[in-house]
2 protein chains.
Amino acid sequence: MDGAGRGRRVTIADVASRAQVSTTAVSKVLRNAYGVSAAMRERVRAAIDELGYRPRNAARAMRGRTFTIGVLLPHINNPFFAEILDGLMAQLGGTDYQAILVQGGRDPQGESRAIDALVDRQVDGILMVAPLSSKSGLEEVATGTPTVVLGPHERSAVYDCVNNDDEAGAELAVEHLIALGHRRIAHIAQKDRNQGRPATLLHTIREQTYRRVMAEHGLAGEISVATTSYTEAGGYTGARELLARVPRPTAIFAGADLAAFGALAAIHEAGLAVPADISLAGYDNTRAAGLAHISLTSVDQDGAIMGRTAGRLLLERIEGRTTAVQFCVTPALVPRRSTARAAGTRGRGSQVSPTQGE
Amino acid sequence: MDGAGRGRRVTIADVASRAQVSTTAVSKVLRNAYGVSAAMRERVRAAIDELGYRPRNAARAMRGRTFTIGVLLPHINNPFFAEILDGLMAQLGGTDYQAILVQGGRDPQGESRAIDALVDRQVDGILMVAPLSSKSGLEEVATGTPTVVLGPHERSAVYDCVNNDDEAGAELAVEHLIALGHRRIAHIAQKDRNQGRPATLLHTIREQTYRRVMAEHGLAGEISVATTSYTEAGGYTGARELLARVPRPTAIFAGADLAAFGALAAIHEAGLAVPADISLAGYDNTRAAGLAHISLTSVDQDGAIMGRTAGRLLLERIEGRTTAVQFCVTPALVPRRSTARAAGTRGRGSQVSPTQGE
DNA sequence: TTGAAAGCGCTAACAG
DNA sequence: CTGTTAGCGCTTTCAA
C-alpha cells in the first residue's frame with residue numbers, strides 16, 4: 001500500500017495490466033456493474049489490494065458521480081448542526097458517499113459563494129442547513145443538483161424539505177411560560193438579512209408564533225422583541241437590551257439555545273438569577289442545555305433524525321426520484337430548571353414537572 | 001447568468017467561441033497567466049460574465065490544482081475548532097482557495113477514511129486539526145499533499161506544525177491552582193486511542209505536565225487522574241469519578257474547556273459549588289468559558305491566529321516551499337471566577353486578580 | 001463476457 | 001501575443 005509516495009499515483013490502467021484485463025473490466029468491478037465473471041472480479045480485486053489503488057475522484061467526476069455530498073451550514077459553532085451532521089453521517093455510513101462541509105457565513109453573498117463552491121466541485125447532492133438564500137436561489141441550484149433543504153419552510157417542487165414544526169415548537173415554549181404565570185414574556189429574534197423573503201424562515205416563524213400566542217392570550221401589549229441573532233453574542237446583547245426595558249420582563253423566550261446561553265450570561269451579569277428573577281427558555285435542546293449547571297428549558301427537535309432523513313432523501317434523489325418530499329419533525333418541550341412559576345403567582349395553569357435533562 | 005439549468009453546463013469552449021478567441025486564451029485569463037493582451041482579456045472577461053461561466057473543478061483537477069484546502073477535524077462540536085476555522089477562512093478570504101471540511105471522528109480508522117476522502121478529491125493542501133493518526137501516517141499523506149498539522153507536537157521534515165505550547169499552558173493552569181493553596185488537584189485527561197504513539201499528542205503533554213508540576217511541588221501523592229475524553233460527556237463522567245474519590249479533590253484541571261463544561265454539570269449535580277467547594281480550570285479559552293454565568297478559568301491559545309497561520313503555511317507550501325516550519329503560540333492563563341483560594345488557606349502564593357472574561 | 005476507443009473540460013507544451 | 005494539440009484517469013458506448 002505505497003503508491004502514495006512521490007511517484008505517479010496508481011491508476012486504473014496499472015490495475016488492469018497487473019490483473020491482465022482491460023481498464024473497462026476494472027471500472028466495472030469498481031462500480032459493481034454487470035458483465036464481469038466472478039473469476040475476473042476476483043483477479044481485479046486482488047490487483048487493487050496489492051497496488052493499493054484508489055479511484056481518483058476528479059476523473060470520475062468528469063464522467064459521472066463524485067460520491068460526494070456537500071453540506072452547507074452557516075457556521076460550525078452551533079452545536080445543533082453537529083447533531084444534524086451526526087445523523088447525516090450515520091445515514092451515509094454504509095454507502096460510498098462522503099460528506100464534505102462548507103461554511104456559508106452570516107450573509108447571503110458568502111453563502112452563495114459557498115454553494116457555488118459545492119456546485120463547482122460537482123457534488124452529487126447538497127444538504128443546505130438553515131440557508132439564507134432566496135427560494136429562487138435555492139431552486140436554481142436544486143435544478144442542477146439533487147438538493148435537500150433543512151430549516152426553512154418553503155416547499156418547493158424541485159427540492160426536498162426537512163424541518164421541524166417551528167410553529168408548534170414556539171407555541172409550546174410560549175404557552176409553557178404563560179402557564180407558569182408569566183405575562184411580560186420577551187423574545188430574542190434573529191434579524192432577517194434577506195429582504196423580500198417571505199415569512200418562511202424558521203426564525204421568522206418562531207417570532208411570529210410568539211407574537212400570535214401572546215396576542216391570543218391577551219398579552220399583545222406585553223410583546224417585547226430584541227432582534228439580534230441566534231448566536232451567543234446575539235443572545236447576550238439581546239438580553240441586555242430586554243433587561244433594560246421598563247418594566248423588565250419576567251421571562252425570555254430565546255429563539256435558539258445558543259442565544260439563550262448568551263442571555264444567561266447577560267442575566268447573570270445584571271445580578272439577576274434564573275429562574276428566580278427571570279425564566280428563560282431556548283430552542284433546539286442542544287446537549288449543553290441538558291447539562292446540570294445550565295439546565296435550560298428548551299424545545300427539542302431531533303437533530304439526528306433530521307440529519308438522517310435528509311441523508312436518505314438525498315440518496316433517493318440521487319438515485320432518480322424527482323417528486324418533492326417534505327419531512328416534518330414534531331418538536332417537544334423539555335422543561336428544566338431555567339423556567340419557574342412567575343413571582344407572585346401560584347397554582348394557575350398546568351403543573352410543570354422539572355424533568356432533569358440527560 | 002443562467003446556464004445552471006438543466007442544459008449542458010457552460011464550458012471554456014463556449015466562452016472562447018463567444019469571445020472569438022481560443023480556449024487557451026480563456027484559460028490564461030482564468031489563471032491570470034502571462035501572455036494575454038489587455039483587449040483580449042477584456043473580451044474574455046465579458047464573455048465569462050455574459051455566459052455566467054464557472055470553471056469546472058474536476059476538469060481542473062485532472063490537470064493540476066483544485067483550489068481546495070481540505071480540513072480534517074475530529075468533530076465540529078468543539079467550539080475551539082470553530083475559532084481555528086475562522087482564522088483559516090480569514091486567511092483564505094482573498095484567494096481562490098476554498099476550504100472544505102471533513103469529520104474524522106474519535107478513532108484512527110474513521111480518521112483515515114476521512115483523510116483518504118480528501119486525498120481522493122485531490123485537495124491542494126490539508127490542514128489536520130488535532131489528528132489521531134500516527135506520525136508515519138501523517139507523513140505518508142504529507143509526502144503527496146502539502147500538509148499542516150495543528151495540535152500534535154511531532155515535528156516532521158515533510159509537514160508544518162502549528163500548535164500552542166501545551167506544556168507551558170498546562171503548567172500555568174496547575175501552578176495557578178497550587179498558588180491558590182490547592183493540594184488535592186485532580187485532572188481530567190483524554191484516553192490515547194492510538195497505541196504506540198509517543199508522548200507528543202497534546203492531551204498527553206497536558207497530562208504529563210500536570211503530573212510533573214504536581215511532583216515538583218511535592219504533591220506527587222495527590223495526583224489523581226480520570227482518563228475519559230475531551231468532550232462534555234467525558235468531562236461529566238470524569239468529574240463524577242473524581243468526586244467519588246476519597247478524599248475529594250478541591251480543584252480540577254480539565255484538559256479542555258469542553259470537558260470542563262461537563263465537569264461543571266457533574267459538580268453541580270453533586271450539590272457542590274464552584275469555586276466555593278471546588279475550583280475548576282479548563283484549556284482553550286473558548287467563547288463559552290468567558291460567558292458570565294460560566295466564567296471558567298482557562299488557558300488561552302489564540303485559535304484564530306493558529307488557523308490563520310496554518311492557512312498561510314499551507315499556501316506557502318502549495319506555492320512550493322518544502323522546508324518544514326513550526327509555529328508555536330504561547331498560551332496565557334485567563335483567570336475567572338471558577339477558581340478561588342482553597343478553603344482554609346490564605347495569602348500564600350501569588351495573588352490572583354479574578355479578571356472578568358470578555 | 002470482454003475490450004477498444006471516444007471523449008468529459010481543462011491546462012500546458014509547443015508552434016506560429 | 002495567439003492558437004493547435006495532446007493528454008489527465010475515468011466511464012461508457014459499441015463491437016467482437
Side-chain angles (χ1 to χ4, degrees), chain A residues 3-4 7-45 47-48 51-68 96 119-124 144 318, chain B residues 3-4 7-45 47-48 51-68 96 119-124 144 318:
Chain A
R8 202 173 46 77
R9 186 168 169 151
V10 180
T11 77
I12 202 173
D14 299 325
V15 176
S17 75
R18 168 79 125 139
Q20 306 275 32
V21 298
S22 70
T23 59
T24 310
V26 179
S27 176
K28 281 181 176 163
V29 172
L30 285 174
R31 294 169 295 123
N32 300 311
Y34 290 109
V36 226
S37 66
M40 180 175 262
R41 185 188 311 280
E42 208 35 62
R43 282 228 305 287
V44 172
R45 285 259 161 75
I48 288 177
L51 268 43
Y53 166 77
R54 295 189 60 91
R56 233 177 96 174
N57 212 270
R60 294 184 130 179
M62 292 290 287
R63 305 296 272 129
R65 298 192 177 175
T66 55
F67 295 98
T68 307
D96 285 336
V119 173
D120 294 344
R121 281 162 188 72
Q122 308 221 187
V123 294
D124 295 329
I318 291 171
Chain B
R8 202 172 48 77
R9 185 167 171 153
V10 180
T11 77
I12 203 172
D14 300 325
V15 176
S17 75
R18 168 79 125 139
Q20 306 276 32
V21 298
S22 70
T23 59
T24 308
V26 179
S27 176
K28 280 182 177 164
V29 172
L30 286 174
R31 293 171 294 125
N32 300 311
Y34 290 108
V36 227
S37 66
M40 181 176 261
R41 185 187 310 281
E42 208 36 63
R43 282 228 305 287
V44 171
R45 284 260 161 75
I48 288 177
L51 269 43
Y53 167 77
R54 295 189 60 89
R56 233 177 96 176
N57 212 270
R60 291 183 134 181
M62 292 291 287
R63 302 304 262 115
R65 298 191 177 177
T66 55
F67 295 98
T68 306
D96 286 335
V119 173
D120 294 343
R121 282 161 188 73
Q122 307 226 180
V123 294
D124 295 328
I318 292 171

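Hydrogens, waters and symmetry mates play no part in the numbers below; they use all other heavy atoms, side chains included. Convention: sequence-line order gives letters A, B, ...; per-chain numbering from 1.
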Tell me: [atom1] of [X] to [atom2] of [N], nearest whole Å?
| X | N | atom1 | atom2 | value |
| --- | --- | --- | --- | --- |
| A/Ile48 | D/dC10 | CD1 | P | 10 Å |
| A/Arg56 | D/dC8 | CZ | P | 10 Å |
| A/Asn57 | D/dG9 | CG | P | 14 Å |
| B/Arg121 | D/dC8 | CZ | C1' | 18 Å |
| B/Met62 | C/dG7 | CE | C1' | 11 Å |
| B/Gln20 | D/dG3 | CD | C1' | 14 Å |
| A/Gln122 | D/dT11 | CD | C1' | 14 Å |

Taking salt bridge (Lys or Arg N to Asp or Glu O under 4.0 Å) as the test, write out the residues that go with B/Arg65, two or more places apart.
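Result, salt bridge (Lys or Arg N to Asp or Glu O under 4.0 Å) vs B/Arg65: B/Glu319.
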Would you please name every residue forming a salt bridge (Lys or Arg N to Asp or Glu O under 4.0 Å) with A/Arg63, sequence neighbours left out?
none
Looking at D/dG9, I'd like to know if its phosphate oxygens (OP1 or OP2) sit under 4.0 Å from a side-chain N or O belonging to A/Thr11.
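No, because none of the side-chain N or O atoms of A/Thr11 sits under 4.0 Å from OP1 or OP2 of D/dG9.
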Side chain to side chain donor-acceptor pair (under 3.5 Å) partners for [X], two or more places apart:
| X | result |
| --- | --- |
| B/Asp124 | B/Thr66 |
| B/Arg18 | B/Glu50 |
| B/Arg41 | none |

Hits for ring pair (Phe, Tyr, Trp, His ring centres under 6.0 Å) against B/Tyr53, two or more places apart or cross-chain, chain-then-number order -> none
Are B/Thr68 and A/Arg121 close enough that a side-chain donor and a side-chain acceptor fall under 3.5 Å?
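Judged by distance alone, the side chains do pair up.
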Name all pairs fulfilling the side-chain hydrogen bond (donor to acceptor under 3.5 Å, both in side chains) condition that reach into residues 26-38 of chain A, sequence neighbours left out, sorted by first residue then second.
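Checked against side-chain hydrogen bond (donor to acceptor under 3.5 Å, both in side chains) - neighbours excluded - the pairs reaching residues 26-38 of chain A are A/Ser27-A/Arg31.
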Nearest 0.5 Å, what's the CG-CZ distance between A/Asp120 and B/Arg60?
9.0 Å
What string of B, S and - do you get for nucleotides 11-16 of chain C 5' to 3' if you count protein non-hydrogen atoms under 4.0 Å?
BBB---
To the nearest 10 degrees, how far apart in direction are the end axes of the helix from C/dT1-D/dA16 to C/dG16-D/dC1, each fit to five base pairs?
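Its terminal axes enclose an angle near 40°.
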